[in-house]
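In what follows, chains are A, B, ... by sequence order, proteins preceding strands, each numbered from 1. Since this is a predicted model, take the numbers as computed values, not measurements.
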Protein chains: 2
Amino acid sequence: MTSPPFKPTLLVIDDEIQIRRLLRVTLESEGYKVRETETGQLGLQEVAHQAPDGIILDLGLPDLDGTEVIRRLREWSKVPVLVLSVREGEDDKIAALDAGADDYLTKPFSGRELLARVRAVLRRTPVSAEPAMVRVGDIEIDQSAHVVRRAGVEVHLTAKEYALFQLLVQYRGRVVTHRQILRELWGPNAEDNTHYLRVHMTHLRQKLEADPHTPRHLKTDAGIGYRLVDV
Amino acid sequence: MTSPPFKPTLLVIDDEIQIRRLLRVTLESEGYKVRETETGQLGLQEVAHQAPDGIILDLGLPDLDGTEVIRRLREWSKVPVLVLSVREGEDDKIAALDAGADDYLTKPFSGRELLARVRAVLRRTPVSAEPAMVRVGDIEIDQSAHVVRRAGVEVHLTAKEYALFQLLVQYRGRVVTHRQILRELWGPNAEDNTHYLRVHMTHLRQKLEADPHTPRHLKTDAGIGYRLVDV
DNA sequence: ACCTTGCCTTGCGCCAGCCGTACATTTTCC
DNA sequence: GGAAAATGTACGGCTGGCGCAAGGCAAGGT
């Protein structure tokens, strides 16, 4: 099935060096590539710079609360996150999971269970599904580096704008309904607030279209949704 | 246009009736729809019959081992599975997770944690979008992409036009009565306005037929309704 | 404490698409 | 073959949906 032995890259975010060591040894023994950062801030930067295939995140970080790290990450990224914590309290678990974590493991943890949970979490996001670099007309998006360019020059997109654009890229050529977008970006309770969409769509067009008034790529299908077309 | 908030359906597979009761109460309190089966075999049948949005599976089943249930399920389905078990042993956890489970929770479990994990697991399910392509003569419709092409070139349809065409595609080859169409597209109060239909039918033919005056696919059965034919 | 940034919210002008009428054409049935 | 019924087509007014600008608000950074 997997002909070239592809090695997923994992990012470990933890302030304790012993834990990082332990995680590195454990994960590398299974063939994963491992990167590390000590703080939440650096972790977020690292993901933005080059997206890993998964994240192991310690809740107890010196700078940001781990839950906050997940929340910010989830504004624009879907990278699987497995949370580690010493805290047994279910409030912490629930907060982290609802912030967007995919799994929660309590320290001390078994190395073999960790590996199994990492496999389970990675399995759900097909790694090679989407090429890192996608071009649509003179717009290009590098999903791993989290960068969008138009005519070669980098364009700064806000978190929501990026998330919206990424969704359209994922379904490029096809119509994405208002509902789908709203569900994905604002959650199932915002399915009717189509005006959010209109505003952010305007911003996107102003940043990505040569002539925002007559869009060539970011098309709208009245009464249905939006779509990204190549020609 | 505002449909009720979407309630995911969960399937509980557990042989102990007390646990099923508990799970049902817990899950229904959050608005999920709940179905139940007592054995692994019945569970698999139930999923095959009508796929739920997620599964809560007890490992200790009388007929099949829970791990085996997951393994068989994963041969054809990607439904998220959350495993419950009394067994603490890490071998069981690893076996279940590697068989294809998405999460593993040990009994006794906290209701709130279960709900949080269910949310986390459901959140991951991507908006499935396999191209459901149907061809009729030189017209093709990709229902998941909301795109219609004639002779290879894309044709822009308005919302009503698309809805009408999709309905005809759904019953292709067979006659769809005026009433049926009107009820479906304009609601039960417009069953007599066959006139709407005529107008939109004209538009459709102008966009999809080579010679709109002598339609080859969008046929009309006078006094009855319309039908989409292949030849 | 101030400034910056990004998201939400509102309001307004505009236009595509829907409705409704009027008329032409085809089909049905005697 | 002809009248009546049913269907096809054209056109214009109207409305709901959409683009867009501007202001408020909250959070982060300096």
Side-chain angles (χ1 to χ4, degrees), chain A residues 39-41 44-45 48 63-65 67-69 71-76 99 148 155-165 175-179 181-182 185-187 189-209 211-227, chain B residues 1-2 155-165 175-179 181-182 185-187 189-209 211-227:
Chain A
T39 69
Q41 287 287 4
L44 288 171
Q45 282 176 32
D63 57 338
L64 287 172
D65 179 59
T67 307
E68 183 60 25
V69 174
R71 209 181 317 278
R72 295 203 198 170
L73 185 71
R74 281 288 176 263
E75 287 176 8
W76 54 271
V148 177
V155 177
H156 172 72
L157 297 186
T158 70
K160 271 271 147 49
E161 285 162 9
Y162 183 83
L164 173 57
F165 188 58
V175 178
V176 190
T177 63
H178 299 141
R179 287 201 114 67
I181 303 177
L182 288 165
L185 266 70
W186 281 274
N189 303 324
E191 287 190 350
D192 298 324
N193 305 27
T194 57
H195 54 273
Y196 293 178
L197 253 184
R198 292 206 291 275
V199 173
H200 286 282
M201 208 62 191
T202 301
H203 295 158
L204 254 193
R205 286 207 253 246
Q206 278 167 355
K207 290 181 179 179
L208 296 180
E209 292 277 5
D211 180 5
H213 289 270
T214 55
R216 297 186 56 217
H217 306 297
L218 296 160
K219 297 280 196 181
T220 143
D221 281 37
I224 304 172
Y226 294 91
R227 57 205 267 251
Chain B
M1 214 40 175
T2 48
V155 178
H156 174 73
L157 297 185
T158 70
K160 270 272 150 50
E161 286 162 8
Y162 183 85
L164 173 57
F165 187 57
V175 184
V176 192
T177 66
H178 299 140
R179 295 192 101 72
I181 303 177
L182 287 164
L185 267 72
W186 281 273
N189 304 324
E191 286 193 350
D192 299 325
N193 305 32
T194 58
H195 153 118
Y196 295 172
L197 202 39
R198 293 204 290 276
V199 175
H200 287 282
M201 208 61 189
T202 301
H203 295 158
L204 255 193
R205 288 206 253 247
Q206 277 167 357
K207 291 183 177 178
L208 296 180
E209 293 278 6
D211 180 5
H213 289 270
T214 55
R216 297 185 54 215
H217 304 112
L218 296 160
K219 297 282 196 183
T220 140
D221 283 36
I224 306 171
Y226 295 91
R227 61 193 230 266

- request: Considering just the side-chain nitrogens and oxygens of B:Gln206, establish if one lies under 4.0 Å of OP1 or OP2 belonging to D:dA10.
  value: yes

- prompt: To the nearest angstrom, how far is B:Arg205 atom CZ from C:dT26 atom P?
  reply: 13 Å

Each nucleotide N or O in nucleotides 7-14 of chain C that has a protein N or O under 3.5 Å away: list the pair and distance.
unit_1: C:dC7; atom_1: OP1; unit_2: A:Thr158; atom_2: OG1; d: 3.3
unit_1: C:dC7; atom_1: OP1; unit_2: A:Ala159; atom_2: N; d: 3.3
unit_1: C:dC7; atom_1: OP1; unit_2: A:Lys160; atom_2: N; d: 2.9
unit_1: C:dC7; atom_1: OP2; unit_2: A:Thr158; atom_2: OG1; d: 2.6
unit_1: C:dC8; atom_1: OP1; unit_2: A:Trp186; atom_2: NE1; d: 2.8
unit_1: C:dC8; atom_1: OP2; unit_2: A:Trp186; atom_2: NE1; d: 3.3
unit_1: C:dC8; atom_1: OP2; unit_2: A:His200; atom_2: NE2; d: 3.1
unit_1: C:dT9; atom_1: OP2; unit_2: A:Tyr196; atom_2: OH; d: 2.3

- prompt: Given atom CG of B:Leu208 and atom C1' of D:dG8, what is their separation to the nearest angstrom?
  reply: 16 Å

- prompt: Taking OP1 and OP2 of C:dT26, is either one under 4.0 Å from a side-chain nitrogen or oxygen of B:His213?
  reply: no

field: Single hit among A:Tyr162, A:Phe165, A:Trp186 for ring pair (Phe, Tyr, Trp, His ring centres under 6.0 Å) with A:His200
entry: A:Trp186

field: Distance below 4.0 Å between B:Tyr226 side-chain N/O and D:dG8 OP1 or OP2
entry: yes

field: Protein-nucleotide distance (B:Met201, atom CE; C:dC19, atom P), rounded to Å
entry: 16 Å

task: For residues B:Pro215 and B:Pro212, report the shortest heavy-atom separation together with the two atoms involved.
output: CD-O, 3.8 Å

query: Quick one: B:Leu164 CG to C:dC19 P, roughly how many Å, whole number?
result: 12 Å

- request: Specify the separation, in whole Å, of atom CG of A:Leu197 and atom P of D:dC18.
  value: 9 Å

query: Which value, rounded to the nearest 0.5 Å, describes the distance between B:Arg205 atom CZ and B:Lys219 atom NZ?
result: 9.5 Å

- line: In whole angstroms, the gap separating C1' of D:dC18 from CG of A:Leu218 amounts to 15 Å

D:dG28 OP1/OP2 closer than 4.0 Å to side-chain N/O of A:Arg72: yes

query: Going from NE2 on A:His178 to CG on A:Asp221, what distance comes out if it is rounded to the nearest 0.5 angstrom?
result: 8.5 Å

message: Using whole Å, what does the distance between atom P of nucleotide D:dC18 and atom NZ of A:Lys219 come to?
response: 16 Å

message: Between P on C:dG6 and CZ on A:Phe165, what's the gap in Å once rounded to a whole number?
response: 18 Å

- prompt: With respect to the phosphate group of D:dT7, does any side-chain polar atom (N or O) of B:Thr220 fall under 4.0 Å of OP1 or OP2?
  reply: no

message: Main chain of A:His213, side chain of A:Asp211: is a donor-acceptor contact present, judged purely on distance under 3.5 Å?
response: yes

query: Ignoring hydrogens and geometry, is there a side-chain-to-backbone donor-acceptor pair from B:Glu209 to B:His217 under 3.5 Å?
result: yes

message: As an exercise, state the distance from CG of A:Leu208 to CE of A:Met201, rounded to the nearest 0.5 Å.
response: 9.5 Å

